[in-house]
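Everything below concerns the one structure shown next.
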Amino acid sequence: MITQNAESQNLMEPVYHSGKSLGLNKALISRHAMTVLKGLRQKGYDSYLVGGCVRDMLLGLEPKDFDVATNASPEQVRQTFRNGRIIGRRFKIVHVRFGREVIEVTTYRGAPAEWHHDERIHRVGEEGRLLADNVYGTLDEDAMRRDLSVNALYYDPTTDEVLDYHDGLRDIKDGLLRVIGKPAERYREDPVRMLRVVRFASKLGFEIEPSASTAIDQHAELLTNVPAARLFDEVLKLFHSGSAIVTFEKLRQHGLFEFLFPATENILRSEEEGYPRTFLPLALKNTDKRIRQGKPVIPAFLYAVLLWEPMRKYKEAAMKQGLNEYDSIQQGADQAIVEELSTVAIPRRFTAQMREIWVMQYFFDQRKSRQVFRLLENRKFRAGYDFMLLRASVAQASSEVADWWTRIQDVDENERRKMLNSLSGHSKKRRRRKKKTNS
Ligand code: ATP
Ligand code: MG
């Protein structure tokens with residue numbers, strides 16, 4: 001078996017370093033991660049921090065979450081922590097929960113294994129995708145199953161020892177993403193690794209090692225083998241990482257974006273009245289800015305942004321067929337969403353919100369008095385309004401309308417009525433009269 005050969009060739013002894021000599025700042029480790037590491041050690045098991053947290057700490061960044069690797073079986077881990085819960089069926093991992101923080105504890109992996117613990121990904125795969133059951137292994141086997149050299153560093157804070165199996169430290173120093181093993185093989189085993197490489201390249205500003213980079217160009221279409229539910233999570237990680245715009249550009253350069261958002265990619269390739277389409281890049285830059293400012297970002301807004309162009313295209317087509325604008329938006333939304341669901345499974349609660357954001361755009365443009373008050377009270381008003389501002393900044397909405405909506409939020413009820421009354425136009429006159437008789 002090819003994988004077995006690759007494995008026996010690659011098994012390595014680790015190189016040991018002290019965290020101190022590498023400038024690793026232990027203070028970045030969460031209290032709860034320490035509790036888990038120590039709890040396992042007290043019971044006589046191995047325990048190491050591994051993956052992104054070690055990588056990030058070596059880069060002086062604050063880790064997003066903490067992953068622990070151990071030789072204890074999932075059952076043994078669970079018995080060690082009252083707050084531990086076994087997740088996944090084929091490959092069990094343990095989530096040890098402390099309030100909002102979850103420490104993910106993984107038993108060393110041996111034979112080829114899928115990385116996602118969610119059962120949904122275990123559907124029968126295409127040729128080359130891993131179908132074997134997970135088997136627990138040793139630490140060196142575990143290191144080899146990881147995706148990138150920089151993600152295969154282990155750290156034991158009790159001894160301050162960093163274990164480096166695949167020259168990850170050198171690659172961190174050089175800012176290089178190197179796939180462990182043969183890139184094409186590793187992408188075939190799990191195509192999501194291509195997305196991870198792009199995500200880390202964007203987030204960390206690292207180069208992708210040339211063979212790992214060309215293998216993405218050649219195998220991007222493997223993404224079609226990934227279950228749509230898993231891609232939903234991955235897309236959020238890609239675009240809510242704080243470097244959405246760079247990620248977007250890289251995904252397109254490597255031909256990956258078209259396998260995530262085929263309809264959007266198609267439209268992006270065409271110009272709009274002689275101009276390149278600027279809405280999406282602008283919206284992604286805005287997402288990055290919000291994350292930098294610590295403002296919240298929501299999945300529905302992101303997906304509304306990513307599928308806006310297809311929705312508009314279908315809406316235009318519906319209008320040409322004689323449907324009114326409102327119904328055309330509904331139909332356009334249906335088409336854009338249904339089409340995307342076969343690639344990326346957006347949960348229903350989010351598609352409902354996307355639709356709401358899109359429909360709000362229609363009411364923003366209309367400014368009919370009854371709708372104005374309704375809109376201002378809508379729970380998703382802020383999202384709809386932010387979306388409209390983006391449209392205005394690429395001339396898809398008038399800046400006069402955008403300013404009007406900015407102003408009306410800040411004024412009192414009286415002033416709001418004045419603003420409505422001062423809107424010109426036939427339909428508004430009628431309403432103005434109505435309002436007067438009411439008051
Ligand atoms: P971050 O948490 O900052 O997004 P990470 O590298 O920690 O990045 P996780 O998804 O938390 O990513 O995974 C933890 C570790 O598990 C990774 O560093 C890597 O060693 C391993 N891993 C995760 N997904 C895969 C995969 N698809 N293939 C191989 N190894 C993986
Ligand atoms: Mg992590």
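Counting convention: from 1, in listed order, for ligands and their atoms alike.
Residue contact check for ligand 1: Val192 places no non-hydrogen atom closer than 4.0 Å to it.
When Phe66, Phe200, Tyr187, Tyr154 are checked for heavy-atom proximity to atom 8 (O) of ligand 1, Phe200 turns out nearest. Residue nearest to atom 10 (O) of ligand 1, selected from Arg196, Arg230, Arg146, Glu104: Arg196 (by heavy-atom distance).
The distance criterion of under 3.5 Å between nitrogen or oxygen atoms is met by Gly52 with respect to ligand 1. Below 3.5 Å of separation, one finds an N or O of Lys64 facing an N or O of ligand 1. Where the criterion is an N or O separation shorter than 3.5 Å, residue side chain and backbone included, Arg186 fails it with respect to ligand 1.
With a heavy-atom cut-off of 4.0 Å, Glu189 does not touch ligand 1 at all. Counting heavy atoms closer than 4.0 Å to ligand 1, residue Asp65 contributes side-chain atoms (C-beta onward) but none from N, CA, C or O. At a heavy-atom cutoff of 4.0 Å, ligand 1 is contacted by both the backbone and the side chain of Asp147. Residue contacts with ligand 1 for Asp67 involve side-chain atoms from C-beta outward but no N, CA, C or O (heavy atoms, distance under 4.0 Å).
For the pair Arg41 and Tyr48, the distance from NZ or CZ to the six-membered ring centre is under 6.0 Å and the angle to the ring normal is within 45 degrees. Taking the ring axis of Phe98 as reference, the NZ or CZ atom of Arg31 does not stay both within 45° of it and closer than 6.0 Å to the ring centre.
Among heteroatoms of the N, O or S kind in Asp67, OD2 lies nearest the Mg ion (ligand 2).
Put simply, CD1 on Ile29 and CZ on Phe66 are 6.5 Å apart, with the number rounded to the nearest 0.5 Å.
Taking every non-hydrogen atom of Arg199 and a distance limit under 4.0 Å, the qualifying atoms of ligand 1 come out as 4 (O). For ligand 1, the atoms closer than 4.0 angstrom to any heavy atom of Asp190 are 26 (C), 27 (N). Close contacts of ligand 1 with Arg145, meaning ligand atoms under 4.0 Å from a residue heavy atom, involve 29 (C), 30 (N). Each of the atoms 3 (O) of ligand 1 lies under 4.0 Å from some heavy atom of Lys203. Using a 4.0 Å cut-off to heavy atoms of Gly51, the atoms of ligand 1 that qualify are 18 (O). Numbered from 1 in the order shown, with element, the atoms of ligand 1 that lie under 4.0 Å from a heavy atom of Asn151 read 6 (O), 18 (O), 19 (C), 20 (O).
Defined by atom type and a distance below 3.5 Å, a donor-acceptor pair is missing between the side-chain atoms of His17 and Glu161. A donor atom on one side chain and an acceptor atom on the other are not found under 3.5 Å apart for Tyr16 and Asp164. No hydrogens or angles considered: nothing links the side chains of Thr351 and Tyr303 as a donor-acceptor pair under 3.5 Å. For Trp308 and Gln396, the side-chain atoms include at least one donor-acceptor pair closer than 3.5 Å.
Ring geometry for Phe363 versus Tyr326: interplanar angle of 30 to 60°, hence tilted. Aromatic ring pairs are classed by plane angle as parallel below 30°, tilted from 30° to 60° and perpendicular above 60°; the pair Phe387 and Phe279 is tilted. Trp405 and Phe381 have tilted rings, their planes meeting at an angle from 30° to 60° on a 0 to 90° scale.
Counting heavy atoms from C-beta outward, Arg269 and Glu258 have side chains that approach closer than 4.5 Å.
Contact annotation: Asp65 places an N, O or S atom under 2.8 Å from the Mg ion (ligand 2).
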